[in-house]
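Data first, discussion second: the structure below is written as structure tokens.
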Amino acid sequence: MEPKLLDHLFRHHSGKMVSVLTRIFGLQHLDIIEDAVQDTFIKASLSWRKEQPEYPEAWLTKAAKNRVLDIFRTLKAQKNNSPNITQGTDAIAINELFLDSEIEDAQLRMIFTACHPKLDPRDRISFALKTVSGFSIKEIASALLTKEETIKKRLLRARKAIKNADLQFNIPQGKNLQERLDSVLEVLYLIFNEGFHSNSKDQLIREDLCGESLRLCQLLLNHKETQLPECYALFSLLCFHSARLEAKTNLNNEVLDLKQQDRALWHMPLIELGNSMMFKAVETEYFSCYHYEAAIAAEHLKAKTFEDTNWNKISHWYDALYTLQPMPSHLLTMAVIAIQTKDYKIANAYLKQLEPEDLEQRAYLYYAAKADYYAETDNVDEAILQLDLALNTVTNTLEKAYLLKKNQLGYFSYNYFKK
């Protein structure tokens, strides 16, 4: 088995096993559980060098179940109060927890645990990627552009918060469900965004993060209590964006904006799936931010060419989105839409409400928008200055190459911002 395939299988499966074993043993034993699962995978990787099992996932599941006994022996040695599950009804119950439906339920419980309000918002994504998705500390640090030591501290903080608050490994009910669900959806959205428009220096797209966000969102839709409009809306949005992943770069790994993308490469099955999810999402009187973002993405997908884009409709949806969620990134996009439609007075009004630091790591987008604005209003010197600031601020090498290649004034309009 190729190392990359093996890593993918282990990562995908370890999240399942950690979730199931946590359901059996409780959150207080999470450290022991993660160590046990990691040991199992290390042994598997050594064993598979000689002979690969016919059904790798089944092999890992069986190995994880066997580790249940090892963990209980460890706990029994520590506290001398662990039950005997080698036979009888306890053993039957353990086996049932490894059924596919129960594995999904355990993972859903872990997602809600990772997004508990008792956890620091900065720690939730790291904890979710580690425990639910099986990402290593190194992978999480790379994905979030953070030092490995920082990720270790976040994970320790999260585990400490879980123990101190004595959190229960369950799916919240009633009013608590909605509060926690908002956090879950935000985490899944941020995971996808980091994959769709990565902050890493040399990689624009992280398909593993996009895929993981889709998978976790689908878990929500598989559960009766979380089959809610906002969940369908987020899943629709992720489908719409994922449909364009293949077209975002060319064979030379160069960035392609919306205007340049080959729309024939947009993946129609994902678009159709996104549309079907939106039909379910709009069965509500209240629209979430994910509803509006999905509506915006859908407008782009409807247009046969870039020139056919319905900018008025997109502007309408952004106005609604900004009213609901007044974020700097939305305001910036509203400005570049106004530049696209040559409404320069409105564009300038939006830009005056922003500062580069409002966009944090995306500050180069602010400078690119201002370069476009000044170029369109015939202020060439200021346009060049803003363009230089954009080039000096951007960290991703692919995006920098894009800016250098397309450094003709007036090019950095909406098609660039919505790659």
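Below, all heavy atoms of this structure are taken into account, side chains as well, without hydrogens, waters or symmetry copies.
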Test side chain to side chain donor-acceptor pair (under 3.5 Å) applied to His116 and Thr113, step by step: CA-CA 5 Å; His116 197 284; Thr113 300; over 6 Å; no
Short side-chain donor-acceptor distance under 3.5 Å, Gln218 and Asn222: no
His330 and Thr333 side chains, donor-acceptor separation under 3.5 Å: no
Trace of the side-chain contact (heavy atoms from CB on, under 4.5 Å) decision for Ser315 with Thr341: CA-CA 10 Å; Ser315 181; Thr341 58; over 6 Å; no
Tyr373 versus Gln386, side-chain donor and acceptor atoms under 3.5 Å: no
Trace of the side-chain contact (heavy atoms from CB on, under 4.5 Å) decision for Phe127 with Val187: CA-CA 10 Å; Phe127 190 71; Val187 167; over 6 Å; no
With His241, the ring-ring contact (aromatic ring centres under 6.0 Å, His included) member among Tyr189, Phe196, Phe235: Phe196
Phe240 side chain near Met278 side chain, heavy-atom distance below 4.5 Å: yes
Any side-chain heavy-atom pair of Lys370 and Leu389 under 4.5 Å: no
Heavy-atom check, side chain of Asp319 versus side chain of Met334, under 4.5 Å: yes
Under 3.5 Å donor-acceptor, Ser133 side chain and Lys130 backbone: no
Val282 side chain near Pro229 side chain, heavy-atom distance below 4.5 Å: no
Test side-chain contact (heavy atoms from CB on, under 4.5 Å) applied to Thr226 and Phe112, step by step: CA-CA 11 Å; Thr226 50; Phe112 276 99; 3.9 Å; yes
Results of side chain to side chain donor-acceptor pair (under 3.5 Å) for Lys163 - residues two or more places apart only: none
Asp372 vs Val336 side-chain heavy atoms within contact, under 4.5 Å: no
Glu355 backbone acceptor or donor facing Asp358 side chain under 3.5 Å: yes
Backbone N/O of Glu179 and side chain of Ser183: donor-acceptor pair under 3.5 Å: no
Flag, side chain of Thr309 to backbone of Phe306, donor-acceptor distance under 3.5 Å: yes
